[in-house]
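Below: one structure, written as structure tokens.
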Amino acid sequence: MVQAYTFAQALEAAGRNLTREKLVDAMESGALEGPGLTPFAFSAESHSGYTGAYVFEVNPDTSTTIVQQPVVTDRGDGPVTPVQAERKTPEQIGLLEK
């Protein structure tokens with residue numbers, strides 16, 4: 001769902017009369033936030049996407065068990081640290097009417 005919401009945000013930012021160039025420009029603008037649990041860092045300089053991970057197990061009864069809380073790092077040798085931000089809802093990133 002996070003990927004779908006992020007893609008919908010990119011489509012909205014690209015505007016009417018969609019072209020590949022408009023979509024790429026929207027993705028590389030650095031303005032997309034996405035509703036993920038880790039920061040979204042796709043830009044013209046970096047196509048990293050989400051900059052961290054959140055690991056959980058889906059149990060047979062469909063409940064989930066957290067294996068690792070959301071963490072972030074860089075692409076180099078930076079430390080792995082807990083996420084310091086709150087997850088944004090689709091409404092907060094402008095995808096659904098409030």
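Source: prediction; values computed, not measured. Quick note: residue numbers are just sequence positions, from 1.
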Supply the members, apart from V80, of the Ile/Leu/Val/Met/Phe/Trp/Tyr cluster built from side-chain contacts under 4.5 Å; use none for a lone residue.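 Traced through the cluster, V80 reaches V71.
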Who clusters with L18? Use side-chain heavy atoms, under 4.5 angstrom, across I, L, V, M, F, W and Y, and order the result by chain and number.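 When side chains under 4.5 Å apart are linked, the cluster holding L18 also contains F7, L11, L23.
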Quick one: ring-ring contact (aromatic ring centres under 6.0 Å, His included) pairs with a partner in residues 52-92, sequence neighbours left out?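 For residues 52-92: Y54-F56.
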If you count every heavy atom of other residues, nucleotides or ligands that lies below 6.0 Å from Q3 atom CD, does the total exceed 12? no
Show me the donor-acceptor pairs, under 3.5 Å and distance only, between side chains in residues 28-44 and residues at least two apart or in other chains.
| unit_1 | atom_1 | unit_2 | atom_2 | d |
| --- | --- | --- | --- | --- |
| E28 | OE2 | H47 | NE2 | 3.0 |
| S29 | OG | A26 | O | 2.8 |
| S29 | OG | A31 | N | 3.1 |
| E33 | OE1 | K88 | NZ | 2.3 |
| S43 | OG | E45 | N | 3.3 |
| S43 | OG | E45 | OE1 | 3.4 |
| S43 | OG | S46 | N | 3.2 |

With sequence neighbours excluded, tell me which residues meet side-chain contact (heavy atoms from CB on, under 4.5 Å) with E21.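 Once residues adjacent in sequence are excluded, the partners of E21 under the side-chain contact (heavy atoms from CB on, under 4.5 Å) criterion are T19, D25.
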For D61, all residues meeting side-chain contact (heavy atoms from CB on, under 4.5 Å), sequence neighbours excluded: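 In terms of side-chain contact (heavy atoms from CB on, under 4.5 Å), with neighbours along the sequence ignored, D61 is linked to N59, S63.
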Judged by atom type as modelled, is there a donor-acceptor pair below 3.5 Å linking the side chain of T65 to the main-chain atoms of E57? no
Just by modelled atom types, is the N17 backbone N or O under 3.5 Å from a matching donor or acceptor in the K22 side chain?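 Looks like yes, one N/O pair under 3.5 Å.
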Within the structure provided, determine whether Q84 and V72 are in side-chain contact (heavy-atom separation under 4.5 Å).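 In short, these two side chains do not touch, never coming nearer than 4.5 Å.
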